[in-house]
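Taking it in order: structure first as structure tokens, then the write-up.
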Amino acid sequence: MTVRVRFAPSPTGYLHIGAARSALFNWLYARKSGGKFLLRIEDTDLQRSTDESTRSIIDGLEWLGLDYDEDLVFQSDNAPKHVAAANRLLEEGKAYRDFTPKEQRADNVVKQEVAERARAQSLEGVDQRSNPYRDLPKEESDRRAAAGEPFAVRLKVPAQGQTKFDDIVYGPQERDHSEIEDLVLLRSGGHPLYNLSVVIDDIEMGITHVIRGQDHLTNTHKQILIYEALGAEVPRFAHLPLILAPNKGKLSKRKHGEVVSLTTYRDRGFVPAAFRNFLALLGWAPPDGKEIFSKEELVQAFSLEGIGRANAIFNFHENDPRRWTDDKALWMNAEYIRTMPLEQLMPMVKAELRANKLWREEYDDDDRDWLLKTIDMIRQRFFTLKDFSEQGRAYFSEDFDFEESAVNKNLRKEPRMRELLSGLADRLEAVEPFNADTSEAALRAFAEEAGVKAGLLINGSRTMLTGQAVGPSMFEIFDVLGRDASVQRLRSGVPFN
RNA sequence: GGCGCAUUGGUGUAGUCGGUUAACACGCUGCCCUCUCAAGGCAGAGAUCACGGGUUCGAGUCCCGUAUGCGCUGCCA
């Protein structure tokens with residue numbers, strides 16, 4: 001049997017990182033087992049679904065490198081099949097029409113209301129099979145329907161027994177039928193509801209393994225009931241632990257903002273492979289404790305058995321811009337940026353520079369070697385791709401900013417600094433050839449003659465040339481920037497004004 | 001309220017059939033390197049394995065209970 005799995009997001013907003021991880025795990029399992037990874041957009045909630053959201057889901061998957069097989073499926077296209085299935089169950093007496101007038105609920109208070117009603121019911125000991133229409137004679141039901149009376153269609157859950165399944169992650173699960181209400185399959189407008197739709201679509205698509213968030217663990221029993229009523233084969237289930245906010249609460253856009261959106265990571269300079277790698281490690285661990293994985297290695301190492309059961313906390317710091325997302329994610333990204341093959345990094349750097357008008361066409365031919373050398377030098381201390389155009393700006397443009405603290409520390413403290421640097425510029429101008437070694441020799445000699453520590457000139461030069469107090473070795477900067485730019489920047493009085 | 005699931009240092013995780021000082025990574029501290037900052041190397045702080053019982057010669061590992069968190073309990077998905 002070939003494995004067929006799917007990622008089935010509802011297009012009601014950005015792609016949540018938790019959803020992205022579900023997609024990843026499904027994809028990994030499919031690739032690992034030589035199966036198919038399918039994508040289905042669950043747009044049955046037409047009010048809330050948007051094309052834009054669908055677009056962002058597809059973009060997000062592409063960014064993460066998760067390619068899907070076969071055609072994209074829109075759940076709404078299958079609505080007729082869902083209705084047909086419900087009608088079949090109705091015909092077979094496995095479902096019934098509920099003529100109870102529909103209750104209107106405001107979406108924002110529904111959680112609370114539902115919980116309260118459930119509490120009240122459990123206190124009163126309400127029987128889940130007590131719906132008066134459950135055993136309405138077929139003739140009467142047909143007659144009332146034909147007369148145009150509105151009704152919902154509910155599944156006739158057996159009064160006795162229980163549903164069981166063996167979750168690949170959470171182990172054996174069972175639930176008594178008495179705890180499950182006769183769930184609604186079709187609402188009174190005739191629209192199919194989630195639990196029906198997923199099941200029909202999963203059957204239709206030949207899904208063999210359902211890998212999804214743990215929030216569906218208890219829903220699974222209802223869905224199994226539908227599979228059974230339909231006489232369909234029940235797939236295997238693997239539920240994933242949830243990703244929680246630092247306060248152990250639900251990670252939501254409303255509360256936590258952009259950190260939960262996958263596109264944020266793309267827009268803020270993450271390398272897709274790095275984020276994918278980070279996501280894989282949230283709730284899953286390989287047997288050998290390895291942490292850095294290429295896509296292929298990840299596929300190779302992945303197994304459903306390695307998935308943990310406890311929810312994971314996504315540990316970001318809301319009020320600290322430097323730690324705006326999980327430390328480990330940031331570290332992982334930096335690790336990728338400084339160690340990945342340069343050829344793979346370059347297209348991303350090019351896009352970043354281009355977006356900030358720092359790209360020059362010569363970088364593709366005449367200055368290619370210079371660019372590679374420069375990128376290789378500065379990438380060592382960068383955390384995101386953004387750094388190439390921000391912290392790295394001085395390497396690509398004469399128009400860069402001086403950090404106030406750097407200027408104070410490295411330039412203003414020494415009153416003679418301006419003349420010293422100007423003197424250094426004179427020396428560098430005479431150096432032949434001009435490179436890291438010769439510029440170092442020249443600077444050290446000049447420092448000795450002037451009676452100052454080399455470090456003073458080195459740090460001063462760094463700030464003059466890059467606007468910053470930190471960065472690569474000064475002599476490598478001289479080498480990369482070249483004689484002309486170096487000398488010119490040393491003489492510019494800009495930061496002193 | 002009911003039902004379900006979970007609980008190992010700040011975070012992510014490892015801990016096989018129960019067996020000496022609970023492991024790794026991120027983060028944190030210090031030292032080395034050094035022109036700065038990283039990286040790298042070294043050292044270190046931080047966990048009575050949620051709590052309470054029990055089984056056992058011995059429990060993070062098995063059993064029961066409690067607490068806490070999360071999920072479900074909807075004509076939302």
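Each chain gets a letter, A, B and so on, in the order the sequences are listed, and its residues count up from 1.
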Pairing partner of G58(B), by Watson-Crick or G-U wobble and under 3.5 Å for both distances, is none
- Query: Can you tell me if the side-chain N/O atoms of Arg117(A) get under 4.0 Å from OP1 or OP2 in G74(B)?
  - Reply: yes
From the candidates C5(B), U36(B), G71(B), the one with an atom nearest any side-chain atom of Leu217(A) is C5(B)
Closest to the side chain of Asn219(A), out of U36(B), C35(B), A77(B), is A77(B)
(Q) Rounding to an integer number of angstrom, what distance separates U29(B) and G9(B) when you compare their C1' atoms? (A) 15 Å
Subject >> Aromatic plane relationship, Phe302(A) with Phe25(A) - under 30° parallel, 30 to 60° tilted, over 60° perpendicular >> reply: tilted
Contact class for Ser10(A) vs. all strands (heavy atom < 4.0 Å): base, sugar-phosphate, or nothing? sugar-phosphate
**Request:** For nucleotides U55(B) and C17(B), find the distance between their P atoms and express it as a whole number of Å.
**Result:** 24 Å
Could you tell me whether His221(A) contacts a base, only the sugar-phosphate backbone, or nothing, with contacts defined as non-hydrogen atoms closer than 4.0 Å? nothing
As its Watson-Crick or G-U partner within any shown strand, both distances under 3.5 Å, U36(B) has none
> If you count the non-hydrogen atoms of other residues, nucleotides and ligands that lie under 6.0 Å from NE2 in His177(A), is the total more than 12?
Replying inline: yes
Whole-angstrom distance between G69(B) and G27(B), as gauged at atom C1' = 24 Å
Checking G74(B), C75(B), A6(B) against the side chain of Val114(A) (C-beta onward), the nearest is G74(B)
When we call it a touch if two heavy atoms are under 4.0 Å apart, what does Ser473(A) touch: a base, just sugar-phosphate, or nothing? base
Among C70(B), A25(B), C5(B), the one nearest any side-chain atom of Lys328(A) is A25(B)
**Prompt:** According to a strict under-4.0 Å criterion, is Lys290(A) in side-chain N/O contact with OP1 or OP2 of A14(B)?
**Reply:** no
Which of G27(B), C35(B), U73(B) is nearest the side chain of Asn459(A)? It is C35(B)
Taking for Leu281(A) and for Asp327(A) the nucleotide of RNA chain B with the nearest heavy atom, the one nearer the 5' end belongs to Leu281(A)
Of the listed C5(B), C76(B), A25(B), the closest approach to the Lys111(A) side chain comes from C76(B)
Select base, sugar-phosphate, or nothing to describe what Ala310(A) touches, counting heavy atoms under 4.0 Å on all strands.
sugar-phosphate
* For atom CZ of Arg309(A), decide whether the heavy atoms of other residues, nucleotides or ligands shown that lie under 6.0 angstrom number more than 12. => no
*Determine the interplanar angle of the Phe237(A) and His239(A) rings, folded into 0 to 90°, and report it as parallel if under 30°, tilted if 30 to 60°, perpendicular if over 60°.*
parallel
**Study point:** Pairwise side-chain contact, Tyr96(A) with Asn131(A), heavy-atom cut-off 4.5 Å (strictly under)
**Key:** yes
Checklist entry - NA contact type, Ala454(A), heavy-atom cut-off 4.0 Å: base, sugar-phosphate, or nothing? => result nothing
